[in-house]
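What follows is one structure encoded as C-alpha cells, with my remarks underneath.
Proteins get letters first, then strands, A, B, ... in listed order; numbering begins at 1 in each. Just so you know, these numbers use all the heavy atoms, side chains as well, and skip hydrogens, waters and symmetry mates. All figures in this text were calculated on a predicted structure; none of them were measured in a lab.
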Amino acid sequence: MPAPIRLRELIRTIRTARTQAEEREMIQKECAAIRSSFREEDNTYRCRNVAKLLYMHMLGYPAHFGQLECLKLIASQKFTDKRIGYLGAMLLLDERQDVHLLMTNCIKNDLNHSTQFVQGLALCTLGCMGSSEMCRDLAGEVEKLLKTSNSYLRKKAALCAVHVIRKVPELMEMFLPATKNLLNEKNHGVLHTSVVLLTEMCERSPDMLAHFRKLVPQLVRILKNLIMSGYSPEHDVSGISDPFLQVRILRLLRILGRNDDDSSEAMNDILAQVATNTETSKNVGNAILYETVLTIMDIKSESGLRVLAINILGRFLLNNDKNIRYVALTSLLKTVQTDHNAVQRHRSTIVDCLKDLDVSIKRRAMELSFALVNGNNIRGMMKELLYFLDSCEPEFKADCASGIFLAAEKYAPSKRWHIDTIMRVLTTAGSYVRDDAVPNLIQLITNSVEMHAYTVQRLYKAILGDYSQQPLVQVAAWCIGEYGDLLVSGQCEEEEPIQVTEDEVLDILESVLISNMSTSVTRGYALTAIMKLSTRFTCTVNRIKKVVSIYGSSIDVELQQRAVEYNALFKKYDHMRSALLERMPVMEKVTTNGPTEIVQTNGETEPAPLETKPPPSGPQPTSQANDLLDLLGGNDITPVIPTAPTSKPASAGGELLDLLGDINLTGAPATAPTPAPVPQISQPSFLLDGLSSQPLFNDIASGIPSITAYSKNGLKIEFTFERSNTNPSVTVITIQASNSTELDMTDFVFQAAVPKTFQLQLLSPSSSIVPAFNTGTITQVIKVLNPQKQQLRMRIKLTYNHKGSAMQDLAEVNNFPPQSWQ
Amino acid sequence: MIKFFLMVNKQGQTRLSKYYEHVDINKRTLLETEVIKSCLSRSNEQCSFIEYKDFKLIYRQYAALFIVVGVNDTENEMAIYEFIHNFVEVLDEYFSRVVIMNYRNVEMTPESIILLFFYLRLMGTKYN
C-alpha cells in the first residue's frame, strides 16, 4: 500500500475542488484510504492520517472513527505522535463519548513525564475536555504542578485548574493553598492565568471572594507596575504594556470591589491613574479605558471618579470610530439609571447618534434616548424621535412607537401636543404599533374631554385618505363612533372646522367595513361605531339600520353576532338604545408596562403623580382581563367594549361560575356581551383603586403565616399573604407552585373561585412550566377583596401536562390563617 | 467567555474553526454560514460588533479573510478586537510570510496547523 499523502497535499487537492460535490468526493476517497490504513494498524503513518482526519473534521465531515486512533497515538512514546494524539482528543472527544475515560491513565502518566512539553500537552488536554471523573482523579496532580517553579507548566496548570473547578466545584478548596504565591510571579503568562484562576474562584464562591479581598493591594501594585514601567518589547502592544493583563486585572478588581467599601477605596487611586494616563489614540488604550469605566461603575467608587468615567464615555461618543461609539452607548445605557444627571449632559451627542448608519448604534441610541427623556426636554427629544421613526428600519419601528407613547404619556406638556404626537405616530408607523396601544390611546382620548372635537376631526381627516393602517383605523373608528356628533356639527376650536355630513362619515365607515385590508377586529370596531352613530346622528338612522341588517348574515361570526344583536336592539329594545349607546364616561387611568424600563424621575424633581409609580404586579386591565379569560379555556375574547376592559373580570366570573359549580362570584352580570358600560365600570373600580393608589407591597403585614394550599402528586402550592394598610379589605396572596417529581409540568394553569361575598382578581403568572426536582417555582398573585371580613375560602382548579398526559384537579382551600381575612 | 473562533474567507469557506463549547457538527456549518453572511453584509462604515442570537460577534477583516470571534455578554469587546489583531501578528511573526502573502489560500504546514490549534487553545482558555 503506497504511503498515505501528506496533509499539505490533501489541503492542496481539496482546494482545487470547484464544487461542493467534488470536495465531498475527494474527502470520501481519502476517508476510505485512512480507514483501511487504520485497519492495518500501521504505526508509522498513523500520525499523518489522524492529522488529515482532523482537517476534514474541521471542514465539517464526520470523523468519529478516528477517536480510538487518537488514544493509540497518545500512548505512543514519540513526541510527534503524542502531540497529534492529544490534539485529536481535544477536537474529537468530549465527555459524551465513553472512550475518553481510557485516556485518564495516559494523562496521569504524562503529567509526571520528564519532558515539560509532554506535561504541557497533558495539562492542555485535561483542561480542554476533562470530564468530572477525570478531573476528580487528576486534580491532585494538577495541584502539584501548580506549585512548581517552571513557569511554562505553572501557567498551563492554572488554566487546567480553572477547568477542574468548573467541572467539580467542590475541589476549589484544594487549590487554595497553591494560590498563595501565584501573584508573586514575574512571568506575565503565569500572572495572567493566575488572575483568571482567581476570577473564576471569586465568581463561584462568596467565601473565596471574601478571602481574596486581601489581595487587592497586591493587584493594585502589579497594575501600577504595568502602567509605569517603560517599554518592554516582550509585552508591548501598540505602545501599551500587556493590555490583556491590565484588562484582566481590572476585571478582577471589579469583582472584588463590588459592594465592599474598603477594597473600593483602595482601588480609587489606581483607577483614576489608569483613566488619565492611558493613551487613547489607538484601540488598545480605548479597550483599557472601557474596562476601567465598567469597573468604576460597578464598585462603590467616589462620585468624582464616576463623573470622570462618564466623561470618558462622553469622549468616546465623539470619537470617529464606530466600535468605540457602540461601546460607549452600551455602557451609558447601563449607567443611566444611577448617574442620570451626568448622562444628560451628553444628550445631544446621543441624539446625533440616532442618525448614524450603523444598525447596532442606532438601536442603542434609541434605547438611551428613551431613558433620557424628561419633562424639560420632551419637546425637542420628541421631534428627533419622530424624525427617527420616519426613517428607521422596520425592526425598530414597533419599539420606537411604544417608547414614544410611553414617553408622551408621562411627560406631555399639553393635551393637544399629546394627541398630535399620537396622531403623528399612527400615521407614520401605524402598522407597527403594538396591539395593546390601541386601547391605551382610546382611554387617553376619552380622558382629555376638551379635545374630543379636535381629535375626532384630525382622525377623520387621517383616514379619509388612507385606511390601511389597522391601529389608526381602529382608533379613528372608535372616536368617530363616540364623537361623531361633534364632527358633524363642526365645533372644533383648535383648528379650522371642516364641513362633514353624516353621509360622508357613514361612507368612510362603510368603506372600512368593506375593504379587504381591514382585519376582523377593525371591522368590529367600525360596525360598533356605526351603531353608536344611530343615537348621535339624526337623519341617517335608516341607512344605519340597513347596514346593520346586511351584516346580520356576514360570514365572519363576530360581525354577524354583533349585527344580529344590534338589529335586535333596533327592533325590540329601541327604548333602551339611547341609554345603551351613551357617551363613554371618563375612565380610571392605570399605568401600563412598556418595553423600555420605566425610569422613576428622569433626573427632575416632580411630585410623583400617582400614575407614574407602577406597582410591580399591576399590568393594565386589558391584559389581565385577557389573561383571566385565557385561563378559562380560551374563550373568544372579542373587544365588544374595547374601552371597558374593567368589565371583563366581572363577566369572567360568569364563566368561572359555570366551571366550578356552586361557588358564585359577585357581580356576575348578564353574560350577554351587549355593550352596557355604565353600570359595570363602578364595580371593580375599587379593586383598581387598590392598584393605582399606592404601590401595593409597601405595607407587608408581618407575620401572617403562609399555608400549603395543595400538595398532591408531587405538586405543591403555597400561599403567602400580605395585607395592605391602606385598604384593609384587600388581601394579596402570592402563590408558589413547585414540583418535586422528576419531570417538568408544562402548560400549568391555576384558577380560583371565591364565595359570593368576595371579589377575586388573578394576575398573570410568571410562567407556565413548573420545573422538576423543585428547581424553580411559578409565582402568581391573587388579590382578594373582602369587605365584609368573612372567613376566606377558595376553590382552586389546576390543569397541567405531566409525563405526557393532561392532568386536572379541583381542591378546596380552607386553612386560611385568621390574620389574612380579619 | 469566548464561544468560538473562526477564520472564514469571503466565499464562505472555513479556513479554521475552533469551538470552545460543544456544538453539533451539522450545526457548525450552519452557524458558520450565518455568521459570515452577517459579517459580509456590513460595510466598512459600520462597527465591528454584531449581536447575533444570544452572543456577540466581533469580526475583523484582513484582505479576503474574515476572523470572527463569538463571545458571550460579559466580555470586553474591544479587548477581543485587540486580541484578534494580536493573533494575526503572532501568526505573521511565526509563520513569516505564509499568512500575509497568501490570504486567498491560507496554506499551512501540518506542524503549523497543530501549533495554531495549541496557541488558540491557550489564548482561548485565558478568556474562558
Could you tell me which portion of [X] (side chain, backbone, both or neither) has an atom closer than 4.5 angstrom to a non-hydrogen atom of chain B?
{"X": "A:Val284", "value": "both"}
{"X": "A:Ile324", "value": "both"}
{"X": "A:His57", "value": "both"}

In this structure, are over 12 heavy atoms from other groups packed under 6.0 Å from A:Glu393 atom CD?
yes
Just wondering, more than 12 heavy atoms not from A:Glu279 lying within 6.0 Å of its CD?
no
For B:Glu77, is it the side chain, the backbone, both, or neither that has a heavy atom closer than 4.5 Å to a heavy atom of chain A?
both
Interatomic spacing from [atom1] in [X] to [atom2] in [Y] - rounded to 0.5 Å:
{"X": "A:Cys128", "Y": "B:Lys18", "atom1": "SG", "atom2": "NZ", "value": "5.0 Å"}
{"X": "B:Tyr81", "Y": "A:Asn286", "atom1": "OH", "atom2": "CG", "value": "11.5 Å"}
{"X": "A:Asn283", "Y": "B:His85", "atom1": "CG", "atom2": "NE2", "value": "9.5 Å"}

Search all heavy atoms of [X] against all heavy atoms of [Y] and return the closest pair with its distance.
{"X": "B:Ser48", "Y": "A:Asn323", "value": "N-OD1, 2.6 Å"}
{"X": "B:Ala79", "Y": "A:Ala287", "value": "N-CB, 3.8 Å"}
{"X": "A:Glu291", "Y": "B:Asn76", "value": "OE1-ND2, 2.6 Å"}

Salt-bridged, A:Lys282 to B:Glu82, with N to O below 4.0 Å?
no
If we only count heavy atoms from C-beta on, is the A:Ile288 to B:Met78 side-chain gap below 4.5 Å?
no
Would you mind reporting whether B:Asn86 and A:Phe244 have side-chain heavy atoms less than 4.5 Å apart?
yes
